[in-house]
Novice: 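The structure that follows is given in the form of structure tokens.
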Amino acid sequence: MKYNLDDKPTHKDMLLYGVQWFTITLPFLIILSGVVSGLHTEDVILQTIYSQKLFMLTGLALIIQVWLGHRLPVLTGPATVLLIGLIGSSNLSVNAVYTAIVLGGTMTVLLSFGKFFEYIQKIFTTRVVAVVLILVAITIMPLAISLSSGTNGSVFFNLMFALCLALLMIFGNLVLKGIYKSQIILLGLFFGTAIYLTIFGTPVHPSVSGLNGEIIKENLFISPEFNLSAIIAFFFCFLALIVNEFGAIQATATFIHADSIAGRSRRGLRVTGIFNMLSGSLGTIGMVDYSMSPGIIAATQSASRFPLIVAGILLIICAFFPQSLFLFSYIPGVVLGSVLLYVMSTQLASGLQLIGAEKSISDFRSAIIIGFPVMTGIFISFAPPAFAGSMPDVLQPIAGNGFIMGTLMVLVLEHLLKEKSSQD
């Protein structure tokens with residue numbers, strides 16, 4: 001490594017590495033802010049405010065984690081697993097959904113003070129974690145398909161464009177080296193947008209001249225609204241988020257040989273919980289640490305945590321210049337859908353890789369523990385709209401959510417059907 005965990009790079013390297021972490025964070029913020037704000041409103045001004053809040057919170061979370069939390073070079077950003085809950089709770093009010101995120105963050109903070117992870121580890125076995133990874137990828141697909149269908153041209157052309165762009169990103173990931181490999185998502189966004197807009201022309205968007213302090217103030221905080229079905233749905237989402245958080249911290253700490261992994265995990269989880277409380281209060285999707293960080297460290301040969309502070313500052317600066325965020329609205333939905341397809345393909349690959357590495361399938365019993373929950377997630381996620389529409393409203397965020405139902409199924413099957421032998 002050129003720089004180890006607590007090494008402070010030169011001013012030039014600090015800036016360069018900070019910009020790189022910033023550019024790697026940017027695509028996820030662009031995608032998640034665009035997708036989630038689009039679920040709530042078509043008003044570009046309100047979507048811009050949403051992006052401002054998300055950029056601000058992500059920047060602060062990066063700085064606080066590096067300074068007071070796990071103190072590791074781990075990327076922080078909006079949690080895809082919470083997007084599942086937002087999609088599944090789309091029939092509920094925004095206030096009810098984000099109140100559930102506040103409660104999920106509160107639960108996460110409280111659990112960081114106990115020895116709960118020993119019990120979580122017993123519940124979330126390797127097979128359960130693998131299925132959760134796979135379910136996240138599968139249950140995002142209806143949204144990716146919807147975005148990839150586009151609003152210009154034929155649906156066939158748009159879907160083929162999205163598929164080809166995702167395939168090019170996969171080839172790029174296999175062929176490119178170093179910094180280019182780590183920025184394949186940003187490259188896909190840039191070139192995909194340039195090509196698509198060349199074909200269909202640049203859309204005319206309203207300006208942000210109507211954005212002012214009064215509008216921001218009116219849309220800054222949510223009004224608490226407690227809904228039992230939303231709370232239950234996000235409870236399962238936060239269980240998956242907690243596992244993801246610990247996985248990201250422990251994987252990075254082990255990779256760079258950091259000390260006090262248990263203490264770092266506890267502090268990191270606590271900070272993540274606090275920022276999920278803040279995110280929910282401000283009406284934005286919650287935060288989690290990303291497990292891709294070891295790959296970025298390996299590509300850059302820098303394990304220093306300090307450049308992430310620079311990345312956090314750059315994100316906060318973006319939040320104060322809505323004109324820069326407004327440019328992101330020019331990214332076509334087809335391109336966002338394609339990037340989602342690529343990212344979820346890597347997510348699915350991670351789940352399959354985990355199954356193979358840990359030899360989680362040894363016979364039909366262990367295979368069906370994985371197979372049926374995955375099929376349940378597909379079954380519900382791609383069911384016709386009449387399925388969700390015909391069930392009671394209180395059940396819709398749970399029974400109509402493929403991720404939640406798949407997670408429930410794997411928990412039940414894993415702990416009821418697994419062999420009581422040392423092999424399991």
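Sequential numbering from 1 along the given sequence is applied to the chain's residues.
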Novice: Given side-chain contact (heavy atoms from CB on, under 4.5 Å), test F22 with V310 step by step and report yes or no.
Specialist: CA-CA 8 Å; F22 169 76; V310 176; over 6 Å; no

Novice: Between R266 and S112 (side chain of the first, backbone of the second, donor and acceptor by atom type, cut-off under 3.5 Å), is there such a pair?
Specialist: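 Between the backbone of S112 and the side chain of R266 there is a qualifying donor-acceptor contact (under 3.5 Å).
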
Novice: Measuring from atom OG of S37 to atom NZ of K53, what distance do you get when rounded to the nearest 0.5 angstrom?
Specialist: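 If we round to the nearest 0.5 Å, S37:OG and K53:NZ are 10.5 Å apart.
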
Novice: Residues in salt bridge (charged side-chain N to carboxylate O under 4.0 Å, His left out) with R264, at least two apart?
Specialist: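 If we apply the salt bridge (charged side-chain N to carboxylate O under 4.0 Å, His left out) test to R264, skipping adjacent residues, the hits are D259.
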
Novice: In the structure I gave you, are the side-chain heavy atoms of I309 and L62 within less than 4.5 Å of one another anywhere?
Specialist: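 Contact flag for I309/L62 side chains = no.
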
Novice: What's the shortest heavy-atom distance between W21 and A311, and which atoms?
Specialist: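 In this case the closest contact between W21 and A311 is CB-CB, 3.8 Å.
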
Novice: Between T272 and V288, which heavy-atom pair has the shortest distance, and what is it?
Specialist: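 That would be CG2-CA, 4.3 Å.
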
Novice: Is it the case that the side chain of Y50 and the backbone of G34 share a donor-acceptor pair, with hydrogens and angles ignored and the cut-off at 3.5 Å?
Specialist: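 Not at all, since once roles are kept as given, no pair shorter than 3.5 Å links the two residues.
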
Novice: Would you say S279 and N276 are linked by a side-chain donor-acceptor pair, where the criterion is simply a distance under 3.5 Å?
Specialist: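 Distance-only check fails for N276 and S279.
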
Novice: Nearest 0.5 Å, what's the CG-CE distance between L143 and M344?
Specialist: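 That separation rounds to 10.0 Å.
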
Novice: Is there a side-chain contact (heavy atoms from CB on, under 4.5 Å) between I355 and I361 once you walk through the steps?
Specialist: CA-CA 7 Å; I355 292 171; I361 298 178; 3.8 Å; yes

Novice: Can you list, pair by pair, the side-chain donor-acceptor contacts under 3.5 Å of residues 151-159, counting residues two or more places apart and other chains?
Specialist:
residue, atom, partner, partner atom, Å
S154, OG, F157, N, 3.1
N158, OD1, Y196, OH, 2.9
N158, ND2, S149, O, 2.7
N158, ND2, N152, O, 2.6
N158, ND2, S154, O, 3.3

Novice: Tell me the closest heavy-atom pair linking T58 and L29, and the distance in Å.
Specialist: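 Closest heavy-atom pair between T58 and L29: OG1-CD2, 3.3 Å.
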
Novice: Do the side-chain N and O atoms of D43 and T41 include a donor-acceptor pair separated by under 3.5 angstrom?
Specialist: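 No donor-acceptor contact under 3.5 Å links the two side chains.
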
Novice: Could you tell me which non-hydrogen atom of I184 sits nearest to which non-hydrogen atom of G172, and how far apart they are?
Specialist: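 Looks like CD1-CA, 3.8 Å.
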
Novice: For F161 and S148, run side-chain contact (heavy atoms from CB on, under 4.5 Å): C-alpha distance rounded to whole Å, both residues' side-chain angles, the deciding distance at 0.1 Å, then the answer.
Specialist: CA-CA 8 Å; F161 183 93; S148 300; over 6 Å; no

Novice: Give, for atom OG1 of T139 and atom CD1 of I87, the distance between the pair rounded to the nearest 0.5 Å.
Specialist: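 With rounding to 0.5 Å, OG1 (T139) is 7.5 Å from CD1 (I87).
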
Novice: Is it the case that S93 and E225 place a side-chain donor and acceptor less than 3.5 Å from each other?
Specialist: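 Side chains of S93 and E225: pair found under 3.5 Å.
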
Novice: Show, in sequence, the C-alpha distance, side-chain angles and deciding distance for S338 and M169, and conclude whether the side-chain contact (heavy atoms from CB on, under 4.5 Å) test is met.
Specialist: CA-CA 9 Å; S338 178; M169 283 189 280; 3.9 Å; yes

Novice: Would you confirm whether E414, through its side chain, and V128, through its main-chain N or O, come within 3.5 Å as a donor-acceptor pair?
Specialist: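 Answer holds: no.
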
Novice: With a 4.5 Å heavy-atom cut-off, do P332 and L197 have their side chains touching?
Specialist: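 In short, these two side chains touch, coming nearer than 4.5 Å.
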
Novice: Minimum heavy-atom separation for S360 and S366, please, with both atom names.
Specialist: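 Where S360 meets S366 most closely, the heavy atoms are O-CB, 3.5 Å.
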
Novice: Tell me if a side-chain donor or acceptor on R305 pairs with a main-chain N or O of L72 at a distance below 3.5 Å.
Specialist: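 No: the side chain of R305 does not pair with the backbone of L72.
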
Novice: So which atom in I222 and which in G280 form the shortest heavy-atom distance, rounded to 0.1 Å?
Specialist: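 Reported closest heavy-atom pair: CD1-O, 3.3 Å.
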
Novice: Do F382 and P142 have side chains that approach each other closer than 4.5 Å (heavy atoms only, starting at C-beta)?
Specialist: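 With C-beta onward as the side chain, the pair touches.
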
Novice: Nearest 0.5 angstrom please: T108 OG1 to I274 CD1, how far?
Specialist: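 Between T108 OG1 and I274 CD1, I get 10.5 Å after rounding to 0.5 Å.
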
Novice: Just verifying a value: how many Å separate R127 CZ and I369 CD1, rounded to the nearest 0.5 Å?
Specialist: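 Answer for the CZ-CD1 pair, R127 versus I369, is 4.5 Å.
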
Novice: Can you check whether I249's main-chain N or O pairs, donor with acceptor, with T252's side chain at less than 3.5 Å?
Specialist: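 Such a contact is absent between T252 side chain and I249 backbone.
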
Novice: Would you confirm whether E245, through its side chain, and D289, through its main-chain N or O, come within 3.5 Å as a donor-acceptor pair?
Specialist: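 Such a contact is found between E245 side chain and D289 backbone.
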
Novice: When you measure from the side chain of T193 to the backbone of F190, do you find a donor-acceptor pair of N or O atoms at a distance under 3.5 Å?
Specialist: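 Looks like no, no N/O pair under 3.5 Å.
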
Novice: Ring centroids only, cut at 6.0 angstrom: are Y98 and H40 within range, meaning strictly under it?
Specialist: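 Ring centres of H40 and Y98 closer than 6.0 Å.
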
Novice: For the CD1 atom of I30 and the CD1 atom of I185, what is their distance to the nearest 0.5 Å?
Specialist: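 Going from the CD1 atom of I30 to the CD1 atom of I185 covers 10.5 Å.
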
